[in-house]
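Just below is one structure, and these are the notes that go with it.
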Amino acid sequence: MNLSIPPEPKILKDQFKKHKKNIGLKIDSLTVWFGNKLPSYLWKEGGWSKPLKAMGYNWQSFLKILSLHKKDMIKWSWNTISWKEFLLRIEETIKDPVFKKICKTN
């Protein structure tokens, strides 16, 4: 299974940085999760919902996957890892048979 690599949502990345700057606190985790904008982008505009649904994942299980990658989201938002690297790390979790079984039983 290879998920497509959608264009990097640079607007979202800029919004994350702006929110962090406006708040004045280092709350990276809250900022990248605010409104589920990044998960929604991947699920909808990124086109991941169709192949993931075909594999038995739903929106809630997709959010579980991304919750395991909070640090990666933060690293991407700070340009510490590339967009492609971030997505490949998520894909590795999706492919993990143990995680897949857990998601499908809950």
State whether a side-chain donor-acceptor pair under 3.5 Å links D96 with T93.
-> no
Determine, step by step, whether E85 and D72 satisfy the side-chain contact (heavy atoms from CB on, under 4.5 Å) criterion, reporting the C-alpha distance in whole Å, the side-chain angles of both residues, the deciding distance to 0.1 Å, and the verdict.
-> CA-CA 9 Å; E85 177 63 26; D72 294 329; over 6 Å; no
In Å and rounded to the nearest 0.5 Å, what is the CD to NE2 distance from E92 to H69?
-> 9.0 Å
Considering residues at least two apart in sequence or located in another chain, which fulfil the salt bridge (charged side-chain N to carboxylate O under 4.0 Å, His left out) criterion with K75?
-> none
All heavy atoms of L3 vs all of E91, minimum pair found to be N-OE2, 3.2 Å
Of the non-hydrogen atoms in L66 and M73, which two are nearest, and what is the gap between them?
-> O-CE, 3.5 Å
Please answer: with hydrophobic residues joined when any side-chain heavy atoms are less than 4.5 Å apart, are L88 and F99 in the same cluster?
-> no
Roughly how far, to the nearest 0.5 Å, is NZ of K84 from CD1 of I5?
-> 5.0 Å
Output the distance between atom NZ (K95) and atom CD1 (I90), rounded to the nearest 0.5 Å.
-> 13.0 Å
Apply the test side-chain contact (heavy atoms from CB on, under 4.5 Å) to residues L87 and W83: give CA-CA distance (whole Å), side-chain angles for both, the deciding distance (0.1 Å), then the verdict.
-> CA-CA 6 Å; L87 298 182; W83 176 243; 3.4 Å; yes
Return each pair, listed once, that meets salt bridge (charged side-chain N to carboxylate O under 4.0 Å, His left out) where at least one residue sits in residues 3-12; pairs must be two or more places apart or across chains.
-> E8-K13
Counting N and O atoms only, with roles assigned by atom type, does the side chain of Y57 sit under 3.5 Å from a partner on the main chain of I94, one being a donor and the other an acceptor?
-> yes
Donor-acceptor contacts under 3.5 Å from residues 38-49 side chains, at least two apart:
| unit_1 | atom_1 | unit_2 | atom_2 | d |
| --- | --- | --- | --- | --- |
| S40 | OG | N36 | O | 2.9 |
| Y41 | OH | P7 | O | 2.4 |
| W48 | NE1 | S4 | O | 2.9 |
| S49 | OG | W43 | O | 3.3 |

